[in-house]
Protein chains: 2
Amino acid sequence: MADLETSRSNTKDILRDHARRLFAERGYEGVSMRDIAGSVGVQQSAIYNHFASKQHLLVDLMVDHMEDLIRSMRAAVDFRATPREQLESFVRFHVNYQLDNPDALFIAYMELRSLEPEGRETVVVLRDEYELALRGILDAGDAAGEFEVTNPAVVARCILAMMTGVTVWYKETGPLGREAVVDVFAETILRSVGCSSATAEC
Amino acid sequence: MADLETSRSNTKDILRDHARRLFAERGYEGVSMRDIAGSVGVQQSAIYNHFASKQHLLVDLMVDHMEDLIRSMRAAVDFRATPREQLESFVRFHVNYQLDNPDALFIAYMELRSLEPEGRETVVVLRDEYELALRGILDAGDAAGEFEVTNPAVVARCILAMMTGVTVWYKETGPLGREAVVDVFAETILRSVGCSSATAEC
DNA sequence: GTCTATATACCGATAGAC
DNA sequence: GTCTATCGGTATATAGAC
């Protein structure tokens, strides 16, 4: 299909790319349809040929992102491995994904409040699905005696919050390389569940 | 001073309380001066008797919050104690403060982008001061051999992100008590620096 | 599918009466 | 110090020419 190859450069996709960046930078409420159109180089009314409203544009971005995130996570984590290996894979996947797609993840985390009830419910279901995958790893590790986790539900949210925050401060141009950051996260999080690569426990 | 006793119920303080809640719920850009005034029960123009602009109102909220946060942290953490005790005090203080003042902390974390350069610089200095206090504890513990921290600067930010995220999901009315949440944070974070109350190491 | 022009509503901020 | 009234500007969304 030739269409698939050129779909990345059609107006709709370009609009999505610019809207994603602007929403992440200034927030949904802080960006106008004129801002998005101006960034792309079209008139404001042209957006309505591709999205029914500003709200539909936000929902489109968030749902597509969550579906891609879950799909990618499932491809990156081998759920037949040991809980320790699953957790390390999950963390390394998530931090890398976060650094590759900082805007999409930041929006998914922050702009739930800007969604009207219908779209909000759809996104929350997807977010819970992702969170439950991590919680399942913690539960399994706890049951197998590999981890020491007082409360898997709380710890899962702590771990996600810690990782999601990385985009707030990490700059690719800074003194710290990406691999080093990923390593620190993997080590810190494995330690936090009582499981360190430096100990014999795991 | 009788003035101090009644200052909590004057119009300016009431405006601050309502603005803080609304900014946290919908974001700075998502709240209008009419929204704030309507919530308090005055006309929009009355706000300008107390704050020069919407931006001044935001800066006022953020600076006051950061100063109170730092003052309270210094009162709660005994910097003559061992690094382990300092870290546990810091974490327990922060999570409790976060649960007592979820809106103020959420705004300080999220609305830096809504600040114009002048106010932004003021708030960033205060935020760095707070972050450096935590980083100092990690450095001291690392130097004393009590902690295993690969990169104190990164870990300090991880710990803060983890704690700041608690307000996103924690509901006081939920199944988990506040003390239990604070305990999980203290335990998880001490573990993440290679230091657990269950081990002989600390 | 993009344009210009416009409808309708709301925005932050100010002026002046009381 | 709060009110009513209003200014100039911008918001989302739509209509209709091309």
Side-chain angles (χ1 to χ4, degrees), chain A residues 2-4 6-62 107 111 113-120, chain B residues 2-4 6-62 107 111 113-120:
Chain A
D3 280 308
L4 281 178
T6 55
S7 67
R8 291 201 160 275
S9 56
N10 65 18
T11 303
K12 183 163 184 172
D13 286 327
I14 296 174
L15 281 168
R16 288 159 53 97
D17 290 342
H18 286 246
R20 189 184 302 111
R21 178 177 51 79
L22 289 169
F23 285 163
E25 282 174 5
R26 306 182 215 161
Y28 176 75
E29 298 282 357
V31 176
S32 71
M33 296 296 257
R34 281 177 177 84
D35 291 334
I36 300 167
S39 172
V40 173
V42 295
Q43 287 301 313
Q44 177 236 151
S45 58
I47 300 179
Y48 292 88
N49 291 318
H50 305 283
F51 302 96
S53 68
K54 188 183 175 187
Q55 177 73 200
H56 280 82
L57 172 50
L58 177 62
V59 172
D60 182 284
L61 286 176
M62 290 179 74
I107 292 169
E111 298 294 356
R113 67 180 174 200
S114 300
L115 287 175
E116 289 160 16
E118 188 181 318
R120 184 188 173 91
Chain B
D3 279 312
L4 281 177
T6 54
S7 67
R8 290 200 161 275
S9 57
N10 64 19
T11 303
K12 183 163 184 172
D13 285 327
I14 295 174
L15 281 169
R16 288 159 53 96
D17 290 341
H18 286 246
R20 189 184 302 112
R21 178 177 51 80
L22 289 169
F23 286 163
E25 282 175 5
R26 306 184 215 160
Y28 176 74
E29 299 281 358
V31 177
S32 71
M33 296 296 259
R34 283 173 176 84
D35 290 334
I36 299 167
S39 173
V40 173
V42 296
Q43 287 301 312
Q44 179 234 155
S45 59
I47 300 179
Y48 292 89
N49 291 318
H50 305 283
F51 301 96
S53 69
K54 190 184 176 186
Q55 177 73 199
H56 280 81
L57 172 51
L58 178 62
V59 172
D60 181 284
L61 286 177
M62 291 180 74
I107 292 170
E111 297 294 355
R113 67 181 174 198
S114 300
L115 288 174
E116 291 160 15
E118 188 180 318
R120 184 188 172 91

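Atoms CG (N49(A)) and P (dC3(C)) sit 9 Å apart, rounded to a whole Å. Between the CD1 atom of I47(A) and the C1' atom of dG1(C) there is a distance of 13 Å, given to the nearest Å. Taking atom CG of D35(A) as the reference point, atom C1' of dA13(D) lies 16 Å away to the nearest angstrom. The CG atom of L22(A) sits 16 Å away from the C1' atom of dA11(D) (whole-angstrom rounding). Rounded to an integer number of Å, the gap from I14(B) CD1 to dG1(D) C1' is 14 Å. What separates CZ of F51(A) from C1' of dT2(C) is a distance of 16 Å, to the nearest Å.
Here side chain to side chain donor-acceptor pair (under 3.5 Å) pairs that include residues 43-54 of chain A, with residues two or more places apart or in two chains, are S53(A)-H56(A).
Judged as a side chain to side chain contact (heavy atoms under 4.5 Å, CB included), and not counting sequence neighbours, the contacts of V40(A) are I14(A), L15(A), H18(A), V42(A). Applying the side-chain hydrogen bond (donor to acceptor under 3.5 Å, both in side chains) test to E116(B) and every residue at least two apart in sequence or in another chain returns nothing. For V31(A), the side chain to side chain contact (heavy atoms under 4.5 Å, CB included) partners two or more places apart in sequence, or in a different chain, are L22(A), F23(A), R26(A), D35(A), I36(A). Every residue two or more places apart in sequence or in another chain was checked for a salt bridge (charged side-chain N to carboxylate O under 4.0 Å, His left out) with R120(A), and none qualifies.
With contacts defined as side-chain heavy-atom distances shorter than 4.5 Å, the pair Y28(B)/Q55(B) qualifies.
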Checklist entry - How does each nucleotide of nucleotides 12-18 of chain C score, in 5' to 3' order, for protein heavy atoms under 4.0 Å: base (B), sugar-phosphate only (S), or none (-)? => result BBBB---
